[in-house]
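Let me begin by presenting the structure, written as structure tokens, before commenting on it.
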Amino acid sequence: MEIFDILVSASFWAAVLRIASPLIFATMGELICERAGVLNLGIEGIMVFGAFAGWMAVYAGLGLWPGVLVAFASGALFGLAHATLTVPFGLSQHVVGLGVTLLATSSAYYAYRLALPEVTSPPRIEPFQPLDIPVLSDIPFLGEAIFSQTALTYLAFATVLIVALVLYRTPLGLALRAAGENPSAVEAQGLSVTAIRMGAVMVGSGLMAVGGAFLTMSAFSSFFFEMVNGRGWICIALVVFGAWMPGKALLGALLFAAFDALQIRMQQTPLGAEIPYQVFLMVPYVLSILALVLMSRRAEVPAALMVPYNRGER
Amino acid sequence: MRLEPVAAPGLARTLGLPALAIAATVVVASALAMLAGANPFATLGLIVKGAAGSKFAALETLNRATPLIFTGLAVAVAFRAKLWNIGAEAQLYAGALMTVLIGTQMGLPGPVAIPAMAIAAVLAGALVLLGPVLLKVRLGVDEVVTTLLFNFIMLLFISMLLEGPLKDPMGMGWPKSEAIPRDARLPRIVDGLRLHWGFGLALISAVVVWVIQVKTTLGYEIRAVGQNPQAARFASIPVGRVMVKTALLSGGLAALAGFSEVAGLKGNLTLDLSPGFGYTGIVVAMLALLHPLGVVVSALFVAGIFVGADSMSRAAEVPTYIADISVATALLFMVLAILLTRFRVVRG
């Protein structure tokens, strides 16, 4: 009964879109990297740094959109570090990725302490506000459920469309996918696998950082330690769940967000009060593992994922 | 650019490049100190002094190194077989949980309780890693993500127990467990010195793992599976079974970190028992090139950085996260340096 009441409320669906937004950005980022053949385990740390960088930029006086750009650029920079080590040098993508996560996370914390040495609670910024779209926002139910989001949420959905179009409808996308499937074919076309993969990791990492920035610039208005809280790892699971396809990954993110929004609301029901809140908080992680198990047999992994490419080697 | 194998790397190359990686890390740390408005030489001096400048400091470093040796060994064992166990944090907490359960609930006398806690911890840690590894072996589910996600699940599970059945009624409302009795604690190695037998157990474990790796069939099989699973399968090595054995060993080692922290140092279980020892273990193992005896050295090095930075940040205005950044940079520079000892970068 309670579940039904929750599912028909517009605020629930609004929450689903809000919770999905950072996941969509970061999942698209990871998807781009992996389609080009590079597993990017830096995602968790890059999201932390993006959350910090975007928020700090706005706090320091920049506008919100320039703040998003700063976040993107900071992510791309960590992506450059990751790509340099994993692509031309072909180092273990697991080790480098975890190293980048440690580096980006601790850099964000260090910079935070340097910038704000005395504060006990982080200062707030004026975050993105829900857009008031003429006509659409006034539609009963749908207006509140879908058309009451901030601009960043709409940008997240636009990102999926752009990623899908570029991947499947442009020569660049073809080259990128080939770099992840059959890199020597790309080289035979006179294109550089190294350049394509490095570019993909940089853009992908930028998107991960924007996903993190959504948390500090739209969902909340401050930066907290631990606020990313494993979302990066969940996005890696979502890429697998989405079988490396943008549309399916989007669906996965929405499904995931729906479960997450549901568990938050279930906590407040009389039944939910009987159950320790930690059980609800476990749901996202358990779901991610379940998603991986479900898709394990069917997913088609990019053939050259995690395979370094050294030119001249056959 | 292209990588070309170096036929016979000289001593200058094999030792010089890793030394250069450490030097580069020092440069980064100095730059960070300057960024904070501090004198880099003074800052580094304070870190070294805080890590090894006095008997107290050195013992603190040894104590901090203890869990890192265990988690470092856990990671080193697993990574050798290309089993990406990123879940040492969860296995550590599983070990700590069993230690507290046996120590506080069973009422065993000390000499029985200590081995019982250790064995229960090892079993629990092994079990925690068994799940993701079976998923990998049977269904091909990537263990990186599952072990990572298990860390979050385990911490929530512990939190649930600490606010529920395991909560210390005398804990003033803090989520912590009751303490295990005095006689069930690990004794000190030398009377009067604040260093418990957990450190001794860590050293013994490192030697045992080393012996397993070089002297036993399992060690040979683990190496073979890690180097080339297809070839190992051709040589009729049961790859799946080797993976499972590796996982049991790895999970058990990580759990000993939890056992040793609870039984040797803290006495009870809290949610901040481990400030990421499981994750730092990855750095420790990589810096040691996955060599079990090297793990001891690199754990001391990493522990020294953390202990030193803690002490330094109390004196200077440099945030303690300088330690985390330094450790991460050391890792990245070191893997690159190690690669360059074997490969040369050529143009074209």
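Here is the naming used below: chain letters follow the sequence lines, and residue numbers restart at 1 for every chain.
Contact of the B:F79 side chain with the A:H94 side chain is not registered, since no non-hydrogen atoms from C-beta on lie closer than 4.5 Å. Contact check for A:L102 versus B:V327: no side-chain heavy atoms found under the 4.5 Å cut-off. Considering only heavy atoms from C-beta on, A:L41 comes within 4.5 Å of B:V144 through its side chain.
Each of B:T329, B:T320, B:I322 has some count of heavy-atom pairs under 4.5 Å with chain A, and the biggest count is that of B:I322. Between chain B and the residues A:V100, A:L103, A:L39, A:T101, the most heavy-atom pairs under 4.5 angstrom are made by A:L103. Comparing B:I325, B:I86, B:V141, B:D324 by heavy-atom pairs within less than 4.5 Å of chain A, the highest count is held by B:I325. Contact tally against chain A (heavy-atom pairs below 4.5 Å) for B:I338, B:L149, B:V335, B:L340: the top residue is B:L149.
Taking each heavy atom of A:Y110 and B:V318 in turn, the nearest pair found is OH-CG1, 3.3 Å. When all heavy atoms are compared, the tightest approach of A:L114 to B:P319 is CD2-CD, 3.8 Å. Of all non-hydrogen atoms in B:L331 and A:G99, the two that sit nearest each other are CD2-CA, 3.6 Å. Closest approach of A:Y277 to B:S159, counting heavy atoms only: OH-OG, 4.0 Å.
How far CG of B:L139 is from CE of A:M295: 13.5 Å, rounded to the nearest 0.5 Å. Separating the CZ atom in B:F333 from the CG atom in A:L85 is a distance of 9.0 Å, to the nearest 0.5 Å. Distance check, rounded to the nearest 0.5 Å: OG1 of A:T84 to CG of B:L336 gives 10.0 Å. Distance check: A:Q278 CD to B:I158 CD1 gives 11.0 Å after rounding to the nearest 0.5 Å. Rounded to the nearest 0.5 angstrom, A:R113 CZ and B:E317 CD are separated by 12.0 Å. We find the CD1-OG1 distance between A:I236 and B:T146 to be 11.5 Å, quoted to the nearest 0.5 Å.
Residues that satisfy the ring pair (Phe, Tyr, Trp, His ring centres under 6.0 Å) test with B:Y321, not counting sequence neighbours, are A:Y109, A:F225.
Scanning residues 283-291 of chain A against chain B with a 4.5 Å heavy-atom cutoff picks out A:Y285, A:V286, A:S288, A:I289, ordered by number. Of residues 46-53 of chain A, no residue lies under 4.5 Å from chain B by any heavy-atom pair.
Interface residue A:L91: only side-chain heavy atoms are found under 4.5 Å from chain B. Residue A:P276 touches chain B through its side chain alone, counting heavy-atom pairs closer than 4.5 Å. Of the two parts of B:M160, the backbone and the side chain both hold a non-hydrogen atom closer than 4.5 Å to a non-hydrogen atom of chain A. Neither the backbone nor the side chain of A:Y112 comes within contact range of chain B, judged by heavy atoms closer than 4.5 Å. Only the side chain of A:S92 comes within contact range of chain B, with at least one heavy atom under 4.5 Å from a heavy atom of that chain. Of the atoms belonging to B:F343, not a single heavy atom falls under 4.5 Å from chain A. Both the backbone and the side chain of B:L32 come within less than 4.5 Å of a heavy atom of chain A. The contact between B:L135 and chain A is made entirely by side chain atoms (from C-beta outward), counting heavy-atom distances below 4.5 Å.
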Report, one line per pair, each donor and acceptor closer than 3.5 Å where one atom sits in a side chain of residues 271-285 of chain B; sequence neighbours left out.
from	atom 1	to	atom 2	distance (Å)
B:D272	OD1	B:T270	OG1	2.7
B:S274	OG	B:E89	OE1	3.3
B:S274	OG	B:E89	OE2	2.8
B:S274	OG	B:G276	N	3.2
B:S274	OG	B:F277	N	2.9
B:Y279	OH	B:N151	ND2	3.0
B:T280	OG1	B:G276	O	2.9

Stepwise side-chain contact (heavy atoms from CB on, under 4.5 Å) test for A:V240 and B:D142:
CA-CA 9 Å; A:V240 180; B:D142 182 38; over 6 Å; no
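Around NZ of A:K248, the count of heavy atoms belonging to other residues, nucleotides or ligands within 6.0 Å does not exceed 12. Enclosure of atom CD in A:Q268 by more than 12 non-hydrogen atoms of other residues, nucleotides or ligands within 6.0 angstrom is indicated.
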